[in-house]
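A quick write-up on the structure given underneath.
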Amino acid sequence: MIWRSGDGDEPDRLAVDELGRLLAFRERAPLQECCDRNGWELIREGEGDLDLLVVRRWAERPDLDSASAGLLLEAWNFFEDLARSVRADPSLPAQGPVHDSAYEKIFGGRALDPAGGDEAWTVEETAAVRELLRAGLDLWERAVRGAAA
């Protein structure tokens with residue numbers, strides 16, 4: 001996939017084709033050809049691994065210690081970039097104050113710690129994050145199917 005950082009205050013996005021489908025490549029040569037054709041500079045910043053299976057397990061059963069707060073934050077950010085990029089309905093659920101609070105707490109490192117006190121996610125925050133991540137996983141599956149078409 002090609003992740004494109006936004007200019008200035010513009011949001012980040014993933015590259016899509018003219019129909020709004022995710023551009024995905026199995027090998028580097030077609031990836032480079034696409035970048036060359038579009039006048040994009042391909043900058044390799046290392047191989048990124050986002051284990052969506054672990055994210056799915058946590059979204060289904062948050063009582064299991066299967067995910068780190070950092071992984072959930074990475075997935076959250078990825079799904080927001082994906083939702084801004086592809087044409088797919090439904091997308092992510094609307095986010096409100098409970099999401100804002102959960103997002104702020106994730107940086108403290110104790111969001112998933114039941115003994116984290118005020119720094120831990122509330123039941124409502126956990127439910128909101130789970131709903132958002134499940135919707136993001138569904139969006140990802142639809143985007144990948146569309147990319148293969």
Side-chain angles (χ1 to χ4, degrees), residues 1-28 30-31 33-35 37-112 119-149:
M1 292 181 300
I2 301 171
W3 175 75
R4 301 186 66 207
S5 59
D7 294 327
D9 291 336
E10 290 293 315
D12 298 336
R13 295 185 182 273
L14 297 169
V16 296
D17 67 12
E18 61 280 349
L19 298 176
R21 296 177 304 197
L22 184 65
L23 292 175
F25 305 89
R26 294 186 187 274
E27 298 174 8
R28 290 193 190 270
L31 168 65
E33 289 170 14
C34 177
C35 289
R37 208 173 32 255
N38 287 288
W40 301 332
E41 180 183 4
L42 180 60
I43 300 171
R44 292 184 181 93
E45 294 183 354
E47 298 295 323
D49 291 328
L50 180 56
D51 193 338
L52 295 179
L53 183 57
V54 172
V55 172
R56 181 171 297 285
R57 278 196 304 258
W58 183 86
E60 291 171 357
R61 297 276 317 269
D63 55 315
L64 301 176
D65 283 339
S66 60
S68 69
L71 175 64
L72 300 181
L73 175 63
E74 244 183 277
W76 187 337
N77 289 331
F78 172 72
F79 293 144
E80 285 184 337
D81 290 346
L82 180 63
R84 280 190 295 271
S85 303
V86 298
R87 293 183 198 152
D89 286 319
S91 191
L92 297 181
Q95 295 183 45
V98 70
H99 294 90
D100 295 341
S101 176
Y103 197 84
E104 289 298 320
K105 287 180 180 180
I106 208 165
F107 292 102
R110 301 195 66 195
L112 299 174
E119 295 176 32
W121 282 341
T122 64
V123 171
E124 293 81 14
E125 289 166 339
T126 301
V129 173
R130 289 178 65 211
E131 176 191 20
L132 184 132
L133 293 177
R134 283 193 305 263
L137 288 159
D138 291 344
L139 177 62
W140 167 247
E141 289 174 7
R142 289 191 315 274
V144 169
R145 278 195 306 268

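All values reported here derive from a predicted model rather than from experimental measurement. Numbers here simply count residues along the sequence, with the first being 1. Atoms considered below: every heavy atom in the structure, side chains included; atoms not considered: hydrogens, waters and symmetry mates.
Between the CD1 atom in I106 and the CG atom in N77 there is a gap of 8.5 Å [rounded to 0.5 Å]. The line from CG of L52 to CG of L71 is 8.0 Å long, rounded to the nearest 0.5 Å. Remark: F78 CZ to L137 CG distance equals 10.0 Å, nearest 0.5 Å. Here the CZ-CZ distance, from R61 to R57, works out to 12.0 Å after rounding to the nearest 0.5 Å. Note: R56 CZ to D51 CG = 12.0 Å, rounded to the nearest 0.5 Å.
Considering every non-hydrogen atom in both L73 and F107, the closest pair reads CD2-CE2, 3.6 Å. Closest heavy-atom contact between S91 and A135: O-CB, 4.1 Å. Minimum heavy-atom separation, W40 to C34: CZ3-SG, 4.2 Å. Taking all atoms of both residues into account, the shortest heavy-atom contact from L72 to A67 is CD2-CB, 3.9 Å. The shortest heavy-atom contact between L112 and A69 is CD1-N, 3.5 Å.
For W121 (side chain) and A111 (main-chain N/O), no donor-acceptor pair under 3.5 Å exists by modelled atom type. The closest donor-acceptor contact from the side chain of K105 to the backbone of A120 lies under 3.5 Å.
The one candidate from L132, V55, L92 that meets the side-chain contact (heavy atoms from CB on, under 4.5 Å) condition with W76 is L132.
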Go through it in stages, so that I can follow the logic: the residues are R84 and E80, the test is side-chain contact (heavy atoms from CB on, under 4.5 Å), and I'd like the CA-CA distance, side-chain angles, deciding distance and then a yes or no.
CA-CA 6 Å; R84 280 190 295 271; E80 285 184 337; 4.0 Å; yes
Does the side-chain contact (heavy atoms from CB on, under 4.5 Å) test come out yes or no for L50 and F79, once each step is laid out?
CA-CA 11 Å; L50 180 56; F79 293 144; 5.8 Å; no
Please determine whether side-chain contact (heavy atoms from CB on, under 4.5 Å) holds for the pair W140 and V86, giving the CA-CA distance in whole Å, both sets of side-chain angles, and the decisive distance to 0.1 Å.
CA-CA 10 Å; W140 167 247; V86 298; over 6 Å; no
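When the side-chain hydrogen bond (donor to acceptor under 3.5 Å, both in side chains) test is applied to S68, no partner is found at least two apart in sequence or on another chain.
Residue pairs meeting the salt bridge (Lys or Arg N to Asp or Glu O under 4.0 Å) criterion with at least one partner in residues 130-140, sequence neighbours excluded, do not occur; the list is empty.
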